[in-house]
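First up is the structure itself, then whatever we jot down about it.
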Protein chains: 2
Amino acid sequence: MEEDRYQDVCTYVRRLIEQGQLRPGDRLPTERALSQDLGVSRGTVRDGLRLLESMGVLESRQGSGNYLSNHMGQYLAQSLHFMLLLGEIDYQSINRMRRAIELQSYRIAIQTSTPEQVQGLWRIQEELERTRSAEKDEAFHDAIIDLGGDPLMRIVSDALSDVIGHLITQFLTRGAQDLLHQTLDTHRRMIEYLEQRRVDAGCAAITRHYDIIDTEIARWQAERRTI
Amino acid sequence: MEEDRYQDVCTYVRRLIEQGQLRPGDRLPTERALSQDLGVSRGTVRDGLRLLESMGVLESRQGSGNYLSNHMGQYLAQSLHFMLLLGEIDYQSINRMRRAIELQSYRIAIQTSTPEQVQGLWRIQEELERTRSAEKDEAFHDAIIDLGGDPLMRIVSDALSDVIGHLITQFLTRGAQDLLHQTLDTHRRMIEYLEQRRVDAGCAAITRHYDIIDTEIARWQAERRTI
DNA sequence: CCACATTTGTACGTATGTATC
DNA sequence: CGATACATACGTACAAATGTG
(Lines give C-alpha, C1' and ligand atoms only; values in the text may rest on other atoms or scores of the structure.)
Protein backbone atom coordinates (compact mmCIF):
# COMPACT_ATOMS: atom_id res chain seq x y z
CA MET A 1 0.00 0.00 0.00
CA GLU A 2 1.22 3.47 -0.73
CA GLU A 3 2.46 5.20 2.37
CA ASP A 4 3.21 8.51 3.98
CA ARG A 5 -0.01 10.02 2.70
CA TYR A 6 -0.79 11.62 6.03
CA GLN A 7 2.74 12.95 6.34
CA ASP A 8 2.20 14.53 2.93
CA VAL A 9 -0.52 16.55 4.64
CA CYS A 10 1.99 17.81 7.24
CA THR A 11 4.48 18.64 4.51
CA TYR A 12 1.81 20.38 2.47
CA VAL A 13 0.82 22.62 5.39
CA ARG A 14 4.48 23.27 6.17
CA ARG A 15 5.06 24.37 2.58
CA LEU A 16 2.11 26.74 2.76
CA ILE A 17 3.67 28.32 5.83
CA GLU A 18 7.17 28.50 4.35
CA GLN A 19 5.83 30.10 1.19
CA GLY A 20 4.10 32.70 3.27
CA GLN A 21 0.64 31.69 2.06
CA LEU A 22 -0.39 30.87 5.61
CA ARG A 23 0.21 32.95 8.72
CA PRO A 24 -0.64 32.40 12.38
CA GLY A 25 -4.39 32.80 12.81
CA ASP A 26 -5.18 31.96 9.20
CA ARG A 27 -7.76 29.32 8.36
CA LEU A 28 -6.54 26.26 6.52
CA PRO A 29 -8.37 24.87 3.49
CA THR A 30 -11.25 22.62 4.56
CA GLU A 31 -10.49 18.98 5.19
CA ARG A 32 -12.46 17.99 2.11
CA ALA A 33 -10.56 20.49 0.00
CA LEU A 34 -7.22 19.17 1.26
CA SER A 35 -8.57 15.68 0.63
CA GLN A 36 -9.18 16.52 -3.03
CA ASP A 37 -6.00 18.57 -3.53
CA LEU A 38 -3.78 15.80 -2.19
CA GLY A 39 -5.84 12.91 -3.54
CA VAL A 40 -6.32 11.23 -0.18
CA SER A 41 -9.34 10.46 1.95
CA ARG A 42 -10.60 12.87 4.54
CA GLY A 43 -9.60 10.43 7.29
CA THR A 44 -6.01 10.57 6.12
CA VAL A 45 -6.14 14.36 6.06
CA ARG A 46 -7.36 14.28 9.63
CA ASP A 47 -4.48 11.99 10.63
CA GLY A 48 -2.05 14.61 9.38
CA LEU A 49 -3.89 17.57 10.85
CA ARG A 50 -4.23 15.87 14.23
CA LEU A 51 -0.49 15.30 14.30
CA LEU A 52 0.05 19.00 13.73
CA GLU A 53 -2.58 19.81 16.33
CA SER A 54 -0.85 17.62 18.92
CA MET A 55 2.27 19.70 18.36
CA GLY A 56 0.34 22.91 18.85
CA VAL A 57 0.83 24.01 15.23
CA LEU A 58 -2.86 24.37 14.55
CA GLU A 59 -6.15 24.51 16.37
CA SER A 60 -9.38 22.88 15.20
CA ARG A 61 -12.69 24.59 15.80
CA GLN A 62 -15.68 22.40 15.20
CA GLY A 63 -18.09 23.85 12.71
CA SER A 64 -15.61 26.52 11.71
CA GLY A 65 -12.31 25.18 10.45
CA ASN A 66 -8.67 24.49 11.21
CA TYR A 67 -6.62 27.53 12.14
CA LEU A 68 -2.88 28.05 12.34
CA SER A 69 -2.10 28.47 15.99
CA ASN A 70 0.69 30.38 17.63
CA HIS A 71 0.56 29.07 21.15
CA MET A 72 2.10 25.71 21.88
CA GLY A 73 2.65 25.83 25.61
CA GLN A 74 -0.37 23.77 26.55
CA TYR A 75 1.02 20.65 24.91
CA LEU A 76 4.37 21.16 26.53
CA ALA A 77 2.64 21.11 29.91
CA GLN A 78 0.92 17.81 29.08
CA SER A 79 4.24 16.26 28.15
CA LEU A 80 5.80 17.50 31.37
CA HIS A 81 2.98 15.94 33.37
CA PHE A 82 3.64 12.57 31.80
CA MET A 83 7.37 12.93 32.37
CA LEU A 84 6.68 13.51 36.04
CA LEU A 85 4.37 10.51 36.09
CA LEU A 86 6.96 8.31 34.42
CA GLY A 87 9.61 9.48 36.86
CA GLU A 88 11.79 10.88 34.12
CA ILE A 89 11.89 14.20 35.93
CA ASP A 90 10.87 15.38 39.40
CA TYR A 91 9.72 18.61 41.02
CA GLN A 92 13.28 19.55 41.94
CA SER A 93 14.09 19.47 38.26
CA ILE A 94 11.11 21.67 37.42
CA ASN A 95 12.27 24.09 40.08
CA ARG A 96 15.82 24.19 38.73
CA MET A 97 14.57 25.06 35.26
CA ARG A 98 12.33 27.81 36.64
CA ARG A 99 15.31 29.18 38.55
CA ALA A 100 17.45 29.22 35.39
CA ILE A 101 14.76 31.01 33.40
CA GLU A 102 14.04 33.58 36.07
CA LEU A 103 17.72 34.37 36.62
CA GLN A 104 18.23 34.94 32.91
CA SER A 105 15.08 37.03 32.58
CA TYR A 106 16.12 39.08 35.59
CA ARG A 107 19.54 39.78 34.11
CA ILE A 108 17.91 41.08 30.95
CA ALA A 109 15.31 43.03 32.92
CA ILE A 110 17.95 44.78 34.99
CA GLN A 111 19.33 46.28 31.80
CA THR A 112 16.02 47.25 30.25
CA SER A 113 13.42 47.84 32.96
CA THR A 114 11.70 51.21 33.27
CA PRO A 115 10.49 52.87 36.51
CA GLU A 116 6.94 52.15 35.40
CA GLN A 117 7.69 48.45 35.12
CA VAL A 118 9.26 48.43 38.56
CA GLN A 119 6.14 50.16 39.89
CA GLY A 120 4.08 47.39 38.32
CA LEU A 121 6.09 44.81 40.24
CA TRP A 122 5.53 46.71 43.50
CA ARG A 123 1.79 46.73 42.85
CA ILE A 124 1.72 42.97 42.32
CA GLN A 125 3.84 42.50 45.44
CA GLU A 126 1.44 44.65 47.50
CA GLU A 127 -1.49 42.56 46.34
CA LEU A 128 0.43 39.40 47.13
CA GLU A 129 1.20 40.59 50.65
CA ARG A 130 -2.44 41.50 51.17
CA THR A 131 -4.11 38.43 49.64
CA ARG A 132 -1.28 35.93 50.13
CA SER A 133 -2.69 34.00 47.19
CA ALA A 134 -0.68 31.65 45.02
CA GLU A 135 -2.13 33.33 41.93
CA LYS A 136 -0.43 36.60 42.79
CA ASP A 137 2.81 34.77 43.45
CA GLU A 138 2.63 33.30 39.97
CA ALA A 139 1.74 36.74 38.59
CA PHE A 140 4.86 38.15 40.22
CA HIS A 141 7.17 35.61 38.63
CA ASP A 142 5.38 35.89 35.30
CA ALA A 143 5.98 39.63 35.41
CA ILE A 144 9.71 39.07 35.90
CA ILE A 145 9.78 36.70 32.93
CA ASP A 146 7.84 39.23 30.86
CA LEU A 147 10.39 41.93 31.68
CA GLY A 148 12.95 39.63 30.10
CA GLY A 149 10.77 39.76 27.02
CA ASP A 150 11.74 36.38 25.64
CA PRO A 151 8.78 34.47 24.17
CA LEU A 152 10.32 31.01 24.51
CA MET A 153 11.12 31.52 28.17
CA ARG A 154 7.55 32.62 28.71
CA ILE A 155 6.19 29.52 26.99
CA VAL A 156 8.41 27.13 28.93
CA SER A 157 7.79 29.03 32.16
CA ASP A 158 4.03 28.79 31.69
CA ALA A 159 4.25 25.06 31.15
CA LEU A 160 6.43 24.64 34.25
CA SER A 161 4.03 26.73 36.33
CA ASP A 162 1.16 24.61 35.12
CA VAL A 163 2.88 21.49 36.39
CA ILE A 164 4.26 22.78 39.68
CA GLY A 165 1.53 25.31 40.45
CA HIS A 166 -0.54 23.16 42.77
CA LEU A 167 2.55 22.42 44.85
CA ILE A 168 3.37 26.12 45.26
CA THR A 169 -0.25 26.77 46.21
CA GLN A 170 0.00 24.09 48.86
CA PHE A 171 3.23 25.53 50.24
CA LEU A 172 1.85 29.06 50.47
CA THR A 173 -1.51 28.15 51.97
CA ARG A 174 -0.65 25.26 54.22
CA GLY A 175 3.06 25.87 54.77
CA ALA A 176 4.73 27.42 57.77
CA GLN A 177 4.59 31.17 58.37
CA ASP A 178 8.36 31.23 57.95
CA LEU A 179 8.07 30.11 54.34
CA LEU A 180 5.60 32.85 53.48
CA HIS A 181 7.66 35.56 55.16
CA GLN A 182 10.86 34.46 53.47
CA THR A 183 9.09 34.33 50.12
CA LEU A 184 7.77 37.86 50.52
CA ASP A 185 11.17 39.06 51.71
CA THR A 186 13.06 37.67 48.72
CA HIS A 187 10.43 39.15 46.41
CA ARG A 188 10.93 42.60 47.89
CA ARG A 189 14.69 42.34 47.60
CA MET A 190 14.34 41.27 43.98
CA ILE A 191 12.42 44.45 43.18
CA GLU A 192 14.72 46.70 45.20
CA TYR A 193 17.87 45.40 43.57
CA LEU A 194 16.23 45.60 40.16
CA GLU A 195 15.49 49.26 40.85
CA GLN A 196 19.08 49.83 41.95
CA ARG A 197 20.45 47.80 39.02
CA ARG A 198 22.38 45.60 41.45
CA VAL A 199 22.45 42.47 39.35
CA ASP A 200 24.53 40.29 41.69
CA ALA A 201 22.45 41.10 44.74
CA GLY A 202 19.26 40.53 42.77
CA CYS A 203 20.44 37.17 41.47
CA ALA A 204 21.41 36.22 45.01
CA ALA A 205 17.86 37.00 46.13
CA ILE A 206 16.43 34.83 43.36
CA THR A 207 18.84 32.05 44.24
CA ARG A 208 17.76 32.34 47.88
CA HIS A 209 14.11 32.24 46.83
CA TYR A 210 14.48 29.05 44.85
CA ASP A 211 16.67 27.47 47.50
CA ILE A 212 13.79 27.93 49.91
CA ILE A 213 11.36 26.24 47.52
CA ASP A 214 13.91 23.50 46.91
CA THR A 215 14.11 22.79 50.62
CA GLU A 216 10.34 22.79 50.88
CA ILE A 217 10.03 20.31 48.00
CA ALA A 218 12.56 18.03 49.66
CA ARG A 219 10.59 18.19 52.91
CA TRP A 220 7.34 17.48 51.08
CA GLN A 221 8.86 14.51 49.27
CA ALA A 222 10.15 13.12 52.56
CA GLU A 223 6.66 13.39 54.04
CA ARG A 224 5.16 11.62 51.05
CA ARG A 225 7.60 8.77 51.35
CA THR A 226 6.74 8.19 54.99
CA ILE A 227 3.00 8.23 54.39
CA MET B 1 -22.86 9.49 19.28
CA GLU B 2 -20.95 8.62 22.43
CA GLU B 3 -17.75 10.57 22.65
CA ASP B 4 -14.33 10.70 24.20
CA ARG B 5 -13.73 7.02 23.61
CA TYR B 6 -10.22 7.66 22.41
CA GLN B 7 -9.48 9.79 25.44
CA ASP B 8 -10.58 6.83 27.53
CA VAL B 9 -7.62 5.04 25.98
CA CYS B 10 -5.27 7.78 27.19
CA THR B 11 -6.82 7.67 30.65
CA TYR B 12 -6.57 3.87 30.72
CA VAL B 13 -2.87 3.94 29.91
CA ARG B 14 -2.34 6.71 32.43
CA ARG B 15 -4.02 4.63 35.11
CA LEU B 16 -1.80 1.67 34.30
CA ILE B 17 1.20 3.92 34.81
CA GLU B 18 -0.11 5.47 38.02
CA GLN B 19 -0.88 2.04 39.45
CA GLY B 20 2.65 0.94 38.71
CA GLN B 21 1.53 -1.78 36.33
CA LEU B 22 3.44 -0.13 33.50
CA ARG B 23 6.96 1.23 33.62
CA PRO B 24 9.12 2.94 31.02
CA GLY B 25 10.19 0.36 28.46
CA ASP B 26 7.26 -1.96 29.14
CA ARG B 27 5.12 -3.20 26.29
CA LEU B 28 1.50 -2.17 26.30
CA PRO B 29 -1.32 -4.66 25.66
CA THR B 30 -1.84 -5.15 21.93
CA GLU B 31 -4.17 -2.75 20.18
CA ARG B 32 -6.70 -5.52 19.66
CA ALA B 33 -6.56 -6.43 23.34
CA LEU B 34 -7.11 -2.81 24.36
CA SER B 35 -9.90 -2.69 21.81
CA GLN B 36 -11.66 -5.59 23.51
CA ASP B 37 -10.93 -4.47 27.08
CA LEU B 38 -12.34 -1.00 26.48
CA GLY B 39 -15.09 -2.06 24.07
CA VAL B 40 -13.96 0.24 21.27
CA SER B 41 -12.70 -0.35 17.76
CA ARG B 42 -9.03 -0.71 17.00
CA GLY B 43 -9.10 2.57 15.10
CA THR B 44 -10.24 4.39 18.21
CA VAL B 45 -7.52 2.71 20.25
CA ARG B 46 -5.00 3.89 17.70
CA ASP B 47 -6.34 7.46 17.95
CA GLY B 48 -5.60 7.45 21.66
CA LEU B 49 -2.23 5.76 21.35
CA ARG B 50 -1.14 8.09 18.58
CA LEU B 51 -1.99 11.07 20.77
CA LEU B 52 0.25 9.66 23.48
CA GLU B 53 2.92 8.90 20.92
CA SER B 54 2.88 12.47 19.62
CA MET B 55 3.56 13.63 23.19
CA GLY B 56 6.49 11.26 23.47
CA VAL B 57 4.78 9.07 26.08
CA LEU B 58 5.05 5.88 24.07
CA GLU B 59 6.80 4.50 21.03
CA SER B 60 5.26 2.18 18.46
CA ARG B 61 7.33 -0.51 16.79
CA GLN B 62 5.72 -2.08 13.78
CA GLY B 63 5.44 -5.81 14.05
CA SER B 64 6.33 -5.72 17.73
CA GLY B 65 4.09 -3.54 19.82
CA ASN B 66 3.64 -0.25 21.65
CA TYR B 67 6.22 0.50 24.31
CA LEU B 68 6.17 3.02 27.10
CA SER B 69 8.83 5.57 26.27
CA ASN B 70 10.69 7.96 28.49
CA HIS B 71 12.15 10.38 26.04
CA MET B 72 10.08 13.20 24.63
CA GLY B 73 12.88 15.34 23.31
CA GLN B 74 12.03 14.70 19.68
CA TYR B 75 8.52 16.00 20.18
CA LEU B 76 9.86 19.14 21.76
CA ALA B 77 12.30 19.69 18.89
CA GLN B 78 9.52 19.39 16.32
CA SER B 79 7.43 21.94 18.17
CA LEU B 80 10.38 24.31 18.33
CA HIS B 81 10.94 23.97 14.60
CA PHE B 82 7.36 24.98 13.86
CA MET B 83 7.55 27.84 16.37
CA LEU B 84 10.57 29.14 14.46
CA LEU B 85 8.74 28.68 11.17
CA LEU B 86 5.70 30.55 12.44
CA GLY B 87 7.86 33.34 13.76
CA GLU B 88 6.72 32.84 17.32
CA ILE B 89 10.34 32.58 18.41
CA ASP B 90 13.67 33.30 16.75
CA TYR B 91 17.24 32.05 16.98
CA GLN B 92 18.12 34.74 19.51
CA SER B 93 15.46 33.29 21.75
CA ILE B 94 16.86 29.78 21.35
CA ASN B 95 20.28 31.12 22.22
CA ARG B 96 19.01 32.88 25.35
CA MET B 97 17.46 29.67 26.63
CA ARG B 98 20.65 27.73 25.97
CA ARG B 99 22.57 30.37 27.86
CA ALA B 100 20.20 30.16 30.83
CA ILE B 101 20.47 26.37 30.96
CA GLU B 102 24.24 26.30 30.62
CA LEU B 103 24.74 28.94 33.30
CA GLN B 104 22.56 27.01 35.74
CA SER B 105 24.24 23.69 34.91
CA TYR B 106 27.65 25.30 35.32
CA ARG B 107 26.75 26.66 38.75
CA ILE B 108 25.73 23.19 39.87
CA ALA B 109 28.79 21.63 38.25
CA ILE B 110 31.15 23.99 40.04
CA GLN B 111 29.92 22.60 43.34
CA THR B 112 29.95 18.94 42.36
CA SER B 113 32.51 18.33 39.62
CA THR B 114 35.37 15.90 40.18
CA PRO B 115 38.91 16.17 38.74
CA GLU B 116 38.07 13.26 36.44
CA GLN B 117 35.09 15.15 35.02
CA VAL B 118 37.24 18.24 34.44
CA GLN B 119 39.75 16.00 32.66
CA GLY B 120 36.91 14.76 30.46
CA LEU B 121 36.13 18.35 29.47
CA TRP B 122 39.79 18.97 28.59
CA ARG B 123 39.78 15.88 26.38
CA ILE B 124 36.70 17.07 24.49
CA GLN B 125 38.24 20.53 24.17
CA GLU B 126 41.47 19.08 22.76
CA GLU B 127 39.51 17.15 20.15
CA LEU B 128 37.53 20.27 19.31
CA GLU B 129 40.71 22.31 18.82
CA ARG B 130 42.14 19.58 16.61
CA THR B 131 39.07 18.77 14.50
CA ARG B 132 37.25 22.11 14.78
CA SER B 133 34.02 20.22 14.17
CA ALA B 134 30.63 21.44 15.26
CA GLU B 135 29.92 17.98 16.67
CA LYS B 136 32.69 18.38 19.24
CA ASP B 137 31.42 21.83 20.13
CA GLU B 138 28.01 20.33 20.86
CA ALA B 139 29.67 17.53 22.80
CA PHE B 140 31.43 20.13 24.95
CA HIS B 141 28.25 21.93 25.86
CA ASP B 142 26.41 18.66 26.39
CA ALA B 143 29.12 17.65 28.81
CA ILE B 144 28.61 20.85 30.82
CA ILE B 145 24.86 20.20 30.95
CA ASP B 146 25.52 16.63 32.02
CA LEU B 147 27.73 17.83 34.87
CA GLY B 148 24.68 19.73 36.10
CA GLY B 149 22.93 16.37 36.15
CA ASP B 150 19.43 17.68 35.58
CA PRO B 151 17.39 15.48 33.21
CA LEU B 152 14.95 18.20 32.17
CA MET B 153 17.72 20.60 31.26
CA ARG B 154 19.31 17.87 29.20
CA ILE B 155 16.05 17.19 27.34
CA VAL B 156 15.39 20.86 26.60
CA SER B 157 19.02 21.44 25.70
CA ASP B 158 18.98 18.56 23.22
CA ALA B 159 15.87 19.95 21.55
CA LEU B 160 17.42 23.42 21.34
CA SER B 161 20.62 21.99 19.86
CA ASP B 162 18.58 20.10 17.32
CA VAL B 163 16.99 23.34 16.16
CA ILE B 164 19.99 25.65 16.24
CA GLY B 165 22.66 23.05 15.42
CA HIS B 166 22.92 23.75 11.70
CA LEU B 167 23.44 27.44 12.41
CA ILE B 168 26.31 26.76 14.82
CA THR B 169 27.84 24.42 12.27
CA GLN B 170 27.66 27.18 9.69
CA PHE B 171 29.26 29.70 12.04
CA LEU B 172 32.14 27.39 12.95
CA THR B 173 32.88 26.15 9.44
CA ARG B 174 32.20 29.21 7.34
CA GLY B 175 32.62 31.95 9.94
CA ALA B 176 35.60 34.20 10.51
CA GLN B 177 38.71 32.91 12.21
CA ASP B 178 38.02 35.37 15.02
CA LEU B 179 34.81 33.60 15.91
CA LEU B 180 36.50 30.23 16.15
CA HIS B 181 39.35 31.55 18.27
CA GLN B 182 37.04 33.37 20.64
CA THR B 183 34.88 30.26 20.98
CA LEU B 184 37.88 28.10 21.82
CA ASP B 185 39.13 30.74 24.26
CA THR B 186 35.88 31.00 26.19
CA HIS B 187 35.71 27.21 26.33
CA ARG B 188 39.15 27.00 27.87
CA ARG B 189 38.31 29.65 30.43
CA MET B 190 35.12 27.81 31.33
CA ILE B 191 37.12 24.70 32.17
CA GLU B 192 39.85 26.57 34.02
CA TYR B 193 37.43 28.47 36.22
CA LEU B 194 35.46 25.30 36.84
CA GLU B 195 38.66 23.66 38.04
CA GLN B 196 39.39 26.64 40.29
CA ARG B 197 35.79 26.83 41.50
CA ARG B 198 35.59 30.48 40.44
CA VAL B 199 31.90 30.63 39.73
CA ASP B 200 31.67 34.33 38.81
CA ALA B 201 34.57 34.19 36.39
CA GLY B 202 33.19 31.02 34.85
CA CYS B 203 29.73 32.49 34.40
CA ALA B 204 31.32 35.56 32.82
CA ALA B 205 33.07 33.30 30.32
CA ILE B 206 29.80 31.59 29.46
CA THR B 207 28.09 34.95 29.11
CA ARG B 208 30.89 36.10 26.82
CA HIS B 209 30.56 32.90 24.79
CA TYR B 210 26.84 33.36 24.21
CA ASP B 211 27.22 37.08 23.56
CA ILE B 212 29.53 36.15 20.70
CA ILE B 213 26.98 33.75 19.25
CA ASP B 214 24.27 36.36 19.74
CA THR B 215 26.25 38.88 17.72
CA GLU B 216 26.88 36.30 15.03
CA ILE B 217 23.16 35.45 14.81
CA ALA B 218 22.33 39.16 14.47
CA ARG B 219 24.89 39.47 11.67
CA TRP B 220 23.50 36.40 9.93
CA GLN B 221 19.94 37.70 10.19
CA ALA B 222 21.01 41.04 8.72
CA GLU B 223 22.60 39.24 5.78
CA ARG B 224 19.47 37.18 5.21
CA ARG B 225 17.30 40.28 5.17
CA THR B 226 19.44 41.95 2.54
CA ILE B 227 19.49 38.89 0.30
C1' DC C 1 16.94 -19.38 5.16
C1' DC C 2 12.17 -20.00 4.79
C1' DA C 3 7.39 -20.05 6.26
C1' DC C 4 4.17 -18.46 9.32
C1' DA C 5 1.38 -16.04 12.75
C1' DT C 6 1.28 -11.80 15.15
C1' DT C 7 1.32 -6.88 15.47
C1' DT C 8 1.46 -2.44 14.04
C1' DG C 9 1.08 1.00 9.77
C1' DT C 10 -1.74 3.03 6.45
C1' DA C 11 -5.73 4.06 3.87
C1' DC C 12 -10.35 3.83 2.59
C1' DG C 13 -15.37 4.12 3.21
C1' DT C 14 -19.43 5.10 6.02
C1' DA C 15 -22.35 6.94 9.47
C1' DT C 16 -23.76 10.08 12.88
C1' DG C 17 -23.06 13.86 16.28
C1' DT C 18 -22.37 18.77 16.97
C1' DA C 19 -20.83 23.43 16.56
C1' DT C 20 -20.71 27.47 13.45
C1' DC C 21 -22.50 30.63 10.30
C1' DC D 1 -33.94 26.71 9.63
C1' DG D 2 -30.47 24.78 6.51
C1' DA D 3 -25.83 24.33 4.82
C1' DT D 4 -21.23 23.72 6.06
C1' DA D 5 -17.38 21.83 8.57
C1' DC D 6 -15.24 19.50 11.98
C1' DA D 7 -15.53 15.36 15.82
C1' DT D 8 -15.96 10.79 16.68
C1' DA D 9 -16.48 6.04 15.92
C1' DC D 10 -16.96 1.83 13.44
C1' DG D 11 -15.63 -1.48 9.98
C1' DT D 12 -12.61 -3.32 6.32
C1' DA D 13 -8.56 -4.32 3.78
C1' DC D 14 -3.95 -4.87 2.83
C1' DA D 15 1.19 -3.61 3.62
C1' DA D 16 5.21 -4.10 6.33
C1' DA D 17 7.98 -5.32 10.17
C1' DT D 18 8.85 -8.57 13.80
C1' DG D 19 9.57 -12.82 16.05
C1' DT D 20 9.33 -17.72 16.06
C1' DG D 21 9.61 -22.34 14.72
Side-chain angles (χ1 to χ4, degrees), chain A residues 1-14 16-17 21-22 24-72 74-75 78, chain B residues 1-14 16-17 21-22 24-72 74-75 78:
Chain A
M1 184 179 295
E2 304 179 33
E3 297 169 19
D4 291 340
R5 292 288 188 228
Y6 80 91
Q7 290 195 0
D8 286 351
V9 179
C10 292
T11 306
Y12 186 75
V13 173
R14 193 182 180 126
L16 290 178
I17 300 173
Q21 298 183 29
L22 275 182
D26 285 357
R27 204 186 104 167
L28 272 67
T30 69
E31 292 175 359
R32 285 181 183 79
L34 286 172
S35 170
Q36 287 193 343
D37 290 349
L38 296 171
V40 299
S41 73
R42 190 188 152 219
T44 302
V45 169
R46 283 187 58 72
D47 282 346
L49 293 184
R50 182 171 280 173
L51 188 60
L52 293 175
E53 189 181 14
S54 77
M55 289 191 299
V57 175
L58 57 87
E59 187 186 350
S60 290
R61 298 178 207 162
Q62 188 176 171
S64 177
N66 294 296
Y67 297 82
L68 262 195
S69 171
N70 56 356
H71 39 79
M72 319 191 172
Q74 185 183 354
Y75 302 94
Q78 284 183 341
Chain B
M1 185 180 294
E2 304 179 35
E3 296 169 16
D4 291 341
R5 292 284 188 230
Y6 79 91
Q7 289 194 0
D8 287 350
V9 180
C10 291
T11 306
Y12 186 76
V13 173
R14 192 181 181 126
L16 290 178
I17 299 172
Q21 297 183 29
L22 274 181
D26 285 357
R27 204 186 103 166
L28 272 67
T30 69
E31 293 176 359
R32 286 180 181 80
L34 287 171
S35 169
Q36 287 193 342
D37 290 348
L38 296 170
V40 298
S41 73
R42 189 188 153 218
T44 303
V45 169
R46 283 187 59 74
D47 281 345
L49 294 184
R50 184 168 280 173
L51 189 60
L52 293 174
E53 187 180 17
S54 75
M55 289 191 299
V57 175
L58 57 87
E59 186 186 350
S60 290
R61 299 178 206 159
Q62 188 175 172
S64 179
N66 295 294
Y67 296 82
L68 219 57
S69 170
N70 58 352
H71 38 78
M72 52 155 263
Q74 190 179 358
Y75 156 83
Q78 283 182 337

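Everything numeric in this text was worked out from a predicted model, so none of it was measured. Below, chains carry the letters A, B, ... as their sequence lines are ordered, and counting in each starts from 1. Just so it is clear, the values below take in all heavy atoms, side chains as well, and ignore hydrogens, waters and symmetry mates.
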Grab the [atom1]-[atom2] distance between [X] and [N] for me, whole Å please.
{"X": "B:Y67", "N": "C:dG9", "atom1": "OH", "atom2": "P", "answer": "11 Å"}
{"X": "B:R32", "N": "D:dC10", "atom1": "CZ", "atom2": "P", "answer": "15 Å"}
{"X": "B:R5", "N": "C:dT16", "atom1": "CZ", "atom2": "C1'", "answer": "14 Å"}
{"X": "B:L28", "N": "C:dT7", "atom1": "CG", "atom2": "C1'", "answer": "13 Å"}
{"X": "A:Q36", "N": "C:dG13", "atom1": "CD", "atom2": "P", "answer": "12 Å"}

Nearest to the side chain of [X] - [options]?
{"X": "B:S64", "options": "C:dA11, C:dT20, D:dG19", "result": "D:dG19"}
{"X": "B:Q62", "options": "D:dA15, D:dT18, D:dA5", "result": "D:dA15"}
{"X": "B:E31", "options": "D:dA9, C:dG9, D:dA7", "result": "C:dG9"}

Qualifying salt bridge (Lys or Arg N to Asp or Glu O under 4.0 Å) pairs, either residue in residues 40-56 of chain A, two or more places apart:
A:E31-A:R42, A:E31-A:R46, A:D47-B:R50, A:R50-B:D47
Would you mind telling me which residue lines up with the more 5' stretch of DNA chain C, A:Q7 or A:R61, judged by nearest nucleotide?
A:Q7
Enter the distance from [X]:[atom1] to [Y]:[atom2] here, rounded to the nearest 0.5 Å.
{"X": "B:L51", "Y": "B:Q7", "atom1": "CG", "atom2": "CD", "result": "7.5 Å"}
{"X": "B:Q78", "Y": "A:M55", "atom1": "CD", "atom2": "CE", "result": "5.0 Å"}
{"X": "A:L68", "Y": "A:E59", "atom1": "CG", "atom2": "CD", "result": "10.5 Å"}

Got a sec, which residues hit side chain to side chain contact (heavy atoms under 4.5 Å, CB included) with B:T44, two or more places apart in sequence or on another chain?
B:R5, B:Y6, B:V40, B:S41
Tell me, which of residues 37-59 of chain B have any heavy atom that sits under 4.0 Å from an atom in DNA chain C?
B:R42, B:R46, B:R50
Under 4.0 Å between a side-chain N/O of A:T30 and OP1 or OP2 of D:dT4, yes or no?
no
Whether A:N66 contacts D:dC6 is assessed here as follows: a side-chain N or O lying under 4.0 Å from the phosphate OP1 or OP2. Is that the case?
yes
Where do B:L28 and B:L49 land on the side chain to side chain contact (heavy atoms under 4.5 Å, CB included) test, with the steps shown first?
CA-CA 10 Å; B:L28 272 67; B:L49 294 184; 3.9 Å; yes
